[in-house]
Structure formats: C-alpha cells, structure tokens
Amino acid sequence: MLLGVTGGVAAYKACFLTRLLSGAGAEVQVVMTGAAARFVGPDTFAALSGRPVYTELWDDPGSVLHVRLAREAEVAVVAPATANVLAKLAVGIADDLLTSTLLEARCPLVVAPAMHTGMWEQPATRANVATLLERGVRVVGPATGPLAHGDEGVGRLAEPEEILAAVEEAAAHGRDLAGRRLVVTAGPTWEPIDPVRFVGNRSTGRMGFAVAKEAWDRGADVTLVVGPGTVEPPAGPRLVRVTTAEEMRAAVLAAAEGADAVVMAAAVADFRPERVAGAKLKKEAGPPELRLVPTPDILSELGAARSGRVLVGFAAETDDLEGGGRAKLDAKGLDLLVVNEVGRPGTGFGSDTNHAAILSATGEDSPLREWTKRELAAALCDRIAALLAR
Ligand code: C5P
C-alpha cells in the first residue's frame with residue numbers, strides 16, 4: 001500500500017501510522033513531498049517501513065516511478081494531507097511524485113487532513129473536500145484539539161488507529177469487482193412524437209452514474225448506456241449514448257453479451273407514440289391524438305434469457321413499495337431490485353438522495369431508508385460482488 005506524507009507538523013504521527021500499518025500486515029511504500037521531508041527525515045520512514053522512501057519523480061531511474069507505484073498500490077492513504085495537496089487532488093494537479101502517483105492510481109484513496117482551523121474552514125478547502133468525497137475518496141478527520149503554535153481547534157490529524165480502520169475498510173472494498181464486466185444504464189429515454197417533440201421523464205442519470213462510478217472504482221470494466229439530457233457522466237466507463245427505449249435495448253443487449261452483471265438504473269419509457277410524424281406537427285392543426293404503444297421491456301428480456309448474469313432493476317413507486325417491488329423482481333427474473341419512493345419532496349429524480357429499499361431474490365432485503373446515491377451504489381456493488389463470488 002502507498003502512504004503519502006505531506007508537509008505538516010503532524011508528519012511525525014505518520015511514523016506511528018507506518019508502524020500500525022506494517023503491524024497489520026501491510027507492505028508500506030512511503031512517498032513524501034519535499035515539505036514533509038523538512039519535518040521528518042525520509043530515513044525514519046525507511047527504517048520503519050523497511051523500504052526505500054521516495055520523494056522525487058526521478059528517484060528510481062530504472063522505472064517510470066509514479067506509474068510503477070500507482071500500479072503496485074492496492075490502497076493509498078495521504079496522512080497528513082495538507083490543504084495544498086487536497087486542492088491538487090481535487091483539480092488533478094500532478095507536479096511532484098506523490099500527486100503524479102495519485103493521479104495515475106485507480107486504487108481506493110483515504111485522506112487524513114491536518115491543518116490550521118482557518119485553512120480547514122476556507123470555502124476553497126470545503127469545496128475541495130466535497131469534490132473528493134463526491135468522487136468516493138474517504139476522508140478521515142480532522143479532529144478538534146491542540147494544533148501547532150499552541151493553537152486549539154479543528155484541524156488536528158485523526159488518530160493513527162482511526163486512519164488504519166479507514167484504510168482497512170477501503171482495502172476490503174478496494175477492487176472486489178476487478179476482472180468483472182458490468183453494463184449500467186442511466187437516464188431517461190425520449191420517445192419522439194415528431195422531429196422536435198418527445199415523451200420523456202425526469203430522470204437525470206445520477207443514480208446510474210453513481211453505480212457506474214462505484215463499479216469502475218472497484219476495478220470493473222463498465223459499459224455505461226446513457227439516455228439523453230442527463231448530467232455529466234463520470235469519467236472512466238465506456239459510454240454508449242442512446243435516445244429511445246429501442247436504441248437502449250439494442251445497446252444493452254450488445255453490451256450484455258459476456259457481461260457478468262447488468263444494472264438497469266435507467267428510467268426507460270414504458271410507452272412510445274405509435275407513429276412518429278416526419279415533419280413538425282403544426283399547432284394550427286390542433287392538438288394531435290397520441291396513441292401510445294408499449295416499448296420492449298429490456299430487463300424482462302434479459303431475465304427470460306437466464307444467462308447466469310446478475311440482473312439488477314430499479315423501480316420507482318409512489319405506494320406499496322415493497323409489495324410492488326417484490327412482484328416486479330419476480331416477474332422480471334431479477335437478482336436484486338431497488339425500489340425507490342418517488343413523488344416525495346427531496347428524494348428520487350434529480351436529488352442526491354433516494355428513499356429506497358433493496359430487495360433480493362434470496363430474501364436478504366435492506367429495508368426502506370434514506371440513502372445518498374453513492375451509499376446506495378456502494379451497497380449494490382457489495383451485493384453484486386458477493387453474488388458473483390458464489
Ligand atoms: O416495470 P418498470 O418500468 O417499473 O420497471 C423498472 C425497471 O425495468 C428499471 O430497472 C428499468 O430500467 C427497467 N425497464 C426496462 N425496459 C423497459 C422499462 C423498464 O428494462 N421498457
């Protein structure tokens with residue numbers, strides 16, 4: 001594992017952390033910034049870790065050091081993490097060995113910030129931390145207590161035991177989907193009425209994007225089939241853009257070939273206009289009669305194929321969530337179904353949280369509660385990984 005030490009007086013506590021990590025069985029590769037090396041000498045970390053400590057991109061002429069270190073790391077922790085390094089991580093600056101390694105790395109990342117209260121409370125730092133959290137970085141601390149220069153307040157490095165616990169948790173979930181192929185759908189579909197009008201829904205894609213990102217972070221090869229008008233999809237997964245349910249069906253069936261799991265988070269339209277006008281319908285001609293016909297049910301088609309793939313569906317319901325959800329899970333032949341409550345303020349479409357339950361074909365359900373989309377995505381990936389490991 002990689003331990004990044006950056007330039008704060010709390011760097012001395014990283015010595016204790018190194019011992020704890022080694023004691024827990026980790027091979028600790030320490031990378032220090034130049035500023036950190038002014039607080040604690042690299043030789044101290046070398047002695048504690050039993051490995052050479054690197055500070056510069058050119059410290060190992062025989063390899064492309066930041067690439068090698070990034071590939072070797074199963075988990076990375078930065079402790080202490082200064083406001084400066086948090087800012088660099090948030091925007092992707094790679095101007096030294098540590099930040100270059102972390103930009104290249106795909107492993108889970110834990111950061112333990114330590115700084116004076118003023119720096120921690122700056123809107124810029126708050127925004128950087130929020131960005132990192134949103135990307136799935138685990139942030140431990142800071143704690144409140146004595147700081148350098150005899151000051152007191154929030155900004156103290158979390159205790160090494162607490163950092164160790166976060167690293168162990170990150171490592172456990174780290175790459176449990178490595179070598180797996182997932183297909184994830186997100187967003188609405190738009191079913192055309194004429195060249196400018198369509199029948200659609202309010203889905204923004206956020207839920208599917210959270211699942212795709214989580215699976216990608218955990219090492220999966222992810223194909224993300226995205227409907228129109230969504231928010232910005234996450235970087236990483238292979239993107240396939242579609243507009244209608246029929247196009248989504250074709251994209252999903254093609255990508256599902258050889259996939260280990262399909263997660264249908266998209267709000268696929270259930271009906272489409274039977275006829276699509278070739279030219280824009282004129283207002284002067286009066287309101288058109290729209291006759292709707294069903295779209296193909298992609299999940300049911302996959303469920304009927306019984307291919308051994310893990311199949312996950314989503315259902316948006318306004319009442320009898322668990323009853324309606326269970327019926328859908330059975331009818332579509334699914335392994336897991338997330339039932340979402342829609343229609344209550346602050347949850348569901350467009351929001352960051354979902355009031356939802358996870359139903360499972362084996363009856364191990366997670367009861368209805370409030371989740372952030374990221375938490376829900378993580379819980380789904382836990383269950384998918386467990387089903388695939390059977
Ligand atoms: O039956 P209902 O539309 O509520 O089911 C929702 C689930 O089925 C979602 O996972 C959705 O992505 C999927 N679905 C589908 N094809 C459709 C409609 C919904 O795969 N035509």
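In each ligand, atom 1 is the first atom listed, and ligand 1 is the first ligand listed.
Protein heavy atom nearest atom 4 (O) of ligand 1, with residue, atom name and distance: Lys328 NZ, 2.4 Å. For atom 16 (N) of ligand 1, the closest non-hydrogen atom on the protein side is Ile298 N, 3.0 Å. Counting only heavy atoms of the protein, atom 19 (C) of ligand 1 lies nearest to Val268 CB, 3.8 Å. Closest to atom 3 (O) of ligand 1 among all protein heavy atoms lies Asp270 OD1, 3.1 Å.
Atom-to-atom distance recorded for Glu274:CD and Glu289:CD is 12.0 Å, nearest 0.5 angstrom.
Considering backbone and side-chain atoms alike, Ala266 places an N or O below 3.5 Å from some N or O of ligand 1. Distances between N or O atoms of Glu317 and those of ligand 1 include no value under 3.5 Å. At least one N/O-N/O distance between Pro296 and ligand 1 falls below 3.5 Å. Residue contacts with ligand 1: Thr185 is placed with no nitrogen or oxygen under 3.5 Å of a nitrogen or oxygen of the ligand (distance criterion only). Of the N or O atoms in Phe314, one or more lie within a sub-3.5 Å distance of an N or O in ligand 1. Taking only nitrogen or oxygen atoms, main chain and side chain alike, Ala265 does not reach within less than 3.5 Å of ligand 1. For ligand 1, the polar-atom distance check finds an N/O of Leu299 within less than 3.5 Å of one of the ligand's N/O atoms.
A salt bridge links Glu317 with Lys328: the distance from a Lys NZ or Arg NE/NH1/NH2 to an Asp or Glu carboxylate oxygen falls below 4.0 Å. Using a 4.0 Å cut-off between charged nitrogen and carboxylate oxygen, Arg218 and Asp382 count as a salt-bridge pair. In summary, Glu159 and Lys13 engage in a salt bridge, as defined by a charged side-chain N under 4.0 Å from a carboxylate O. The pair Asp60-Arg68 counts as a salt bridge, with a side-chain nitrogen and a carboxylate oxygen less than 4.0 angstrom apart.
Only the side chain of Lys332 comes within 4.0 Å of ligand 1, counting heavy atoms alone; its backbone N, CA, C and O stay farther away.
Counting atoms of ligand 1 from 1 in the listed order, those under 4.0 Å from a heavy atom of Gly313 are 10 (O). Annotation for ligand 1: atoms under 4.0 Å from non-hydrogen atoms of Thr295 are 21 (N).
Using a distance-only test at 3.5 Å, with no hydrogens or angles considered, no donor-acceptor pair links the side chain of Arg241 to the main chain of Val225. Under a 3.5 Å cut-off, the side chain of Asp96 and the backbone N or O of Thr33 do not form any donor-acceptor pair.
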Could you walk me through whether Glu246 and Arg272 pass the salt bridge (Lys or Arg N to Asp or Glu O under 4.0 Å) check? CA-CA 10 Å; Glu246 191 54 68; Arg272 65 173 174 80; 5.8 Å; no

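When all heavy atoms of Ala215 and Cys381 are compared, the closest pair comes out as N-SG, 3.8 Å.
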